[in-house]
Novice: 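This is the structure, below, for whatever I ask next.
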Amino acid sequence: MSPRRLVALTLLRIYRPVALWFWVTMIVCVAVGMTVVSRLTDPTFSLWLVIAGSATKYWLGVVGLLLVGLHLRQFVANGITRHDFLAGAALAGALLAVLFAAAVPLGHAAEQLLLGLSGPLPAQYPTTSPGTALREFGHLLPAAPAYLVAGGAAAAGFYRFGAWGGLALLPIAVLPVAAAEALLGVDENGGFAVRFVPYAVAVLITVTATALGALLFHREVRDVAIRRGTA
Amino acid sequence: MMISLRDVTVRYCDTVAVDGITLDLEPGKIYGLLGRNGSGKTSLLSVLASYRRPSAGTVTIDGTDPFENSALMRDTAFIRDSLDVTDQDRIAKVLDVAGRLRPTWDADYAEHLVDVFALEPRRRVSALSRGQRSSLGVVLGLAARAPLTILDEVYLGMDAAARTAFYRELLGDYLAHPRTIILSTHLIEEVAGLFEQVIVIDRGRLLLHEDTDTFKARGVAVTGPAAAVEAFVAGRTVLSEQALGGVRQATLYGALDHDEVVRAETAGLTLAPVGVQDLFVHLTSGAAEGTPRTEARR
């Protein structure tokens with residue numbers, strides 16, 4: 001097996017139980033929250049979209065932060081090159097982004113189904129359909145890697161260049177997140193509206209910013225010294 | 001794997017940790033890397049293990065730069081005293097990750113070592129004592145069976161029994177699976193018996209690199225009647241002296257030639273080899289300022 005596939009599989013194995021806890025927590029929180037809300041009033045929003053639509057991206061951002069601080073030295077200490085680590089992390093990240101982006105519209109559909117079982121759907125509730133599901137997926141798919149890359153690039157900046165160097169690079173590192181949030185963000189009702197520019201342009205700008213962030217991440221890590229302890 | 005370092009320098013801002021070291025390490029030997037605190041041992045080992053690039057100079061393993069070389073990095077295991085594992089992980093998970101990533105990993109041997117060091121696989125790394133963390137480092141270093149195994153102060157906090165077990169396992173596994181092992185240590189006298197070659201660095205520079213026997217021959221312990229010892233050592237570099245009743249022992253720096261040995265024996269003196277630690281202390285304490293720094297460079 002190639003080292004990068006080995007890294008990807010090992011990372012996925014490491015994060016499998018963490019992801020499981022994450023999704024179980026989300027499902028429980030949304031189930032309890034939506035039950036309470038629907039008892040008090042007719043919900044005009046999807047709690048699942050509000051919470052899961054944002055939390056999935058933040059979760060990937062945290063994984064990005066941990067890649068360098070926690071895992072880089074662990075993998076290098078086991079004979080993995082920095083390059084193979086980055087390539088493997090990219091593979092694992094891409095797979096997680098697709099799965100997480102798909103989980104949000106699926107959860108929305110499940111939420112709607114459960115609401116429907118308890119009575120007629122509230123008039124203002126943002127119902128889902130194949131079209132809206134595709135839109136939700138299409139918004140999250142470019143946004144999720146943006147968070148992952150931004151987390152990685154930001155952490156790597158501090159890891160390599162210390163506090164001041166990391167701070168100086170932070171604006172570039174968070175550029176993918178800024179693009180994704182500005183152009184593909186979730187509104188207060190959990191809606192995935194296109195802002196400022198057409199969807200295709202928004203995706204293009206976000207993907208370009210993510211590629212820039214990934215380039216920065218690679219430059220920061222490709223020959224970085226492996227520090228002692230957690231950075 | 002033949003390791004060659006040429007004029008390797010490691011700098012941290014204005015501090016020079018390793019200063020132009022040139023060194024050749026033949027494969028299949030146990031090397032003892034000795035040096036005082038801050039002498040540059042860990043920086044040198046970090047460069048060897050591709051944990052950092054040298055600021056200047058070159059490192060090659062079998063003629064190839066090991067930095068970011070998948071095959072060579074896979075064949076290198078570098079265990080630092082700080083342990084490069086995730087503190088929140090349980091021991092079993094740490095070993096599982098190592099087993100997945102290292103093609104030469106011996107899971108049965110790792111299990112054996114876990115038993116030897118009485119480690120509890122379900123315990124988290126953060127809950128381990130200093131000595132247990134070191135034991136985990138030994139498990140990771142030895143079970144990896146990497147052709148180049150570098151152990152940097154891995155004994156820290158280990159009690160005498162654990163250290164003895166470590167030395168026994170290291171030697172046993174080395175004999176069963178010969179490879180290049182570099183041991184950095186301050187417990188010189190305890191480990192000296194394992195070294196085939198000794199490398200001494202001081203203030204970032206190579207002081208000497210030679211066979212352990214040759215190194216030991218740099219000094220001699222002279223024991224006998226106090227007066228005879230006093231007469232014999234006059235004008236020589238005395239590293240240490242001990243006296244008990246009328247018997248005195250003096251540790252001398254510098255080998256004796258044939259005539260001197262005969263003269264000592266005629267005077268009723270007994271000659272014995274000197275401990276590696278005594279010589280190391282002498283060489284690095286500043287007492288040997290007159291000794292050429294690279295006189296035994298290989």
Side-chain angles (χ1 to χ4, degrees), chain A residues 1-18 21 62-63 65-89 91-92 155 159-165 218-231, chain B residues 10-13 17 42-43 45-47 49-55 65-90 93-105 125-126 137 140-141 143-150 152:
Chain A
M1 188 186 294
S2 73
R4 59 195 62 182
R5 266 192 77 193
L6 202 58
V7 170
L9 288 175
T10 307
L11 280 173
L12 290 171
R13 180 176 283 268
I14 288 172
Y15 279 100
R16 191 173 55 191
V18 187
W21 272 108
V62 172
V63 172
L65 285 169
L66 295 177
L67 278 177
V68 171
L70 206 59
H71 299 302
L72 177 64
R73 68 193 175 100
Q74 181 185 20
F75 280 80
V76 171
N78 281 303
I80 300 294
T81 63
R82 296 157 184 79
H83 178 77
D84 287 333
F85 173 74
L86 287 174
L91 274 176
Y159 184 87
R160 177 161 189 161
F161 299 109
W164 291 111
H218 178 261
R219 291 295 161 112
E220 289 168 332
V221 174
R222 64 179 176 172
D223 57 357
V224 69
I226 305 302
R227 291 169 178 244
R228 286 169 178 272
T230 308
Chain B
V10 178
R11 282 190 207 93
Y12 303 102
C13 299
T42 300
S43 297
L45 295 177
S46 297
V47 166
S50 304
Y51 271 39
R52 64 166 55 249
R53 269 195 190 285
S55 309
D65 182 355
F67 194 84
E68 287 296 275
N69 180 307
S70 290
L72 292 176
M73 281 185 70
R74 197 173 52 222
D75 283 349
T76 303
F78 179 31
I79 306 298
R80 304 193 278 192
D81 58 348
S82 53
L83 263 195
D84 295 303
V85 300
T86 306
D87 275 0
Q88 289 72 35
D89 283 349
R90 298 181 196 278
K93 188 176 175 185
V94 170
L95 300 180
D96 179 61
V97 169
R100 288 177 187 285
L101 297 176
R102 286 205 172 275
T104 51
W105 181 259
V125 175
S126 56
L140 290 168
R145 293 257 166 83
L148 172 58
T149 301
I150 304 171
D152 185 14

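Per chain, numbering begins at 1; letters A, B, ... match sequence-line order.
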Novice: Establish, from distance only, whether the side-chain atoms of Ser55(B) and Arg11(B) form a donor-acceptor pair under 3.5 Å.
Specialist: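 The answer is no; no qualifying pair exists.
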Novice: Can you tell which part of Ser46(B) gets under 4.5 Å to a heavy atom of chain A, answering side chain, backbone, both or neither?
Specialist: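 Nothing of Ser46(B), per the 4.5 Å heavy-atom cut-off to chain A.
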Novice: Tell me, side chain or backbone of Leu9(A) under 4.5 Å from chain B's heavy atoms, or both, or neither?
Specialist: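 Neither; nothing under 4.5 Å.
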Novice: May I ask you to decide if Glu220(A)'s main-chain N or O and Tyr159(A)'s side chain share a donor-acceptor pair within less than 3.5 Å?
Specialist: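 No, because the side chain of Tyr159(A) does not come within donor-acceptor range (under 3.5 Å) of the backbone of Glu220(A).
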Novice: Name the orientation class of the two ring planes belonging to Phe85(A) and Phe75(A) (parallel below 30°, tilted from 30 to 60°, perpendicular beyond 60°).
Specialist: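 Plane angle between 30° and 60°, so tilted.
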Novice: Give, as side chain, backbone, both or neither, the part of Arg13(A) having an atom under 4.5 angstrom from any heavy atom of chain B.
Specialist: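 Interface part for Arg13(A): side chain.
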Novice: So, are Asp96(B) and Arg90(B) salt-bridged, with charged N and O less than 4.0 Å apart?
Specialist: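 Salt bridge: no.
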Novice: Tell me, side chain or backbone of Ala144(B) under 4.5 Å from chain A's heavy atoms, or both, or neither?
Specialist: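 Neither part.
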Novice: What do you reckon, is CZ of Arg5(A) surrounded by more than 12 foreign heavy atoms closer than 6.0 Å?
Specialist: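 12 or below, so no.
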Novice: Flag the one option from Thr76(B), Leu140(B), Val97(B) with the top tally of heavy-atom pairs under 4.5 Å to chain A.
Specialist: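 Maximum pair count with chain A is reached by Val97(B).
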Novice: Does Glu68(B) reach the main-chain N or O of His83(A) with its side chain, forming a donor-acceptor pair under 3.5 Å?
Specialist: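 Yes: the side chain of Glu68(B) pairs with the backbone of His83(A).
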Novice: Non-hydrogen atoms of chain A under 4.5 Å away: do they reach the side chain of Asn69(B), the backbone, both or neither?
Specialist: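 Just the backbone, heavy atoms under 4.5 Å.
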Novice: Report which part of Asp84(A) has an atom under 4.5 Å of a heavy atom belonging to chain B: side chain, backbone, both, or neither.
Specialist: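 Answer is side chain: those atoms of Asp84(A) sit under 4.5 Å from chain B.
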Novice: At a heavy-atom separation under 4.5 Å, does Arg74(B) approach chain A through its side chain, its backbone, both, or neither?
Specialist: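 Both backbone and side chain.
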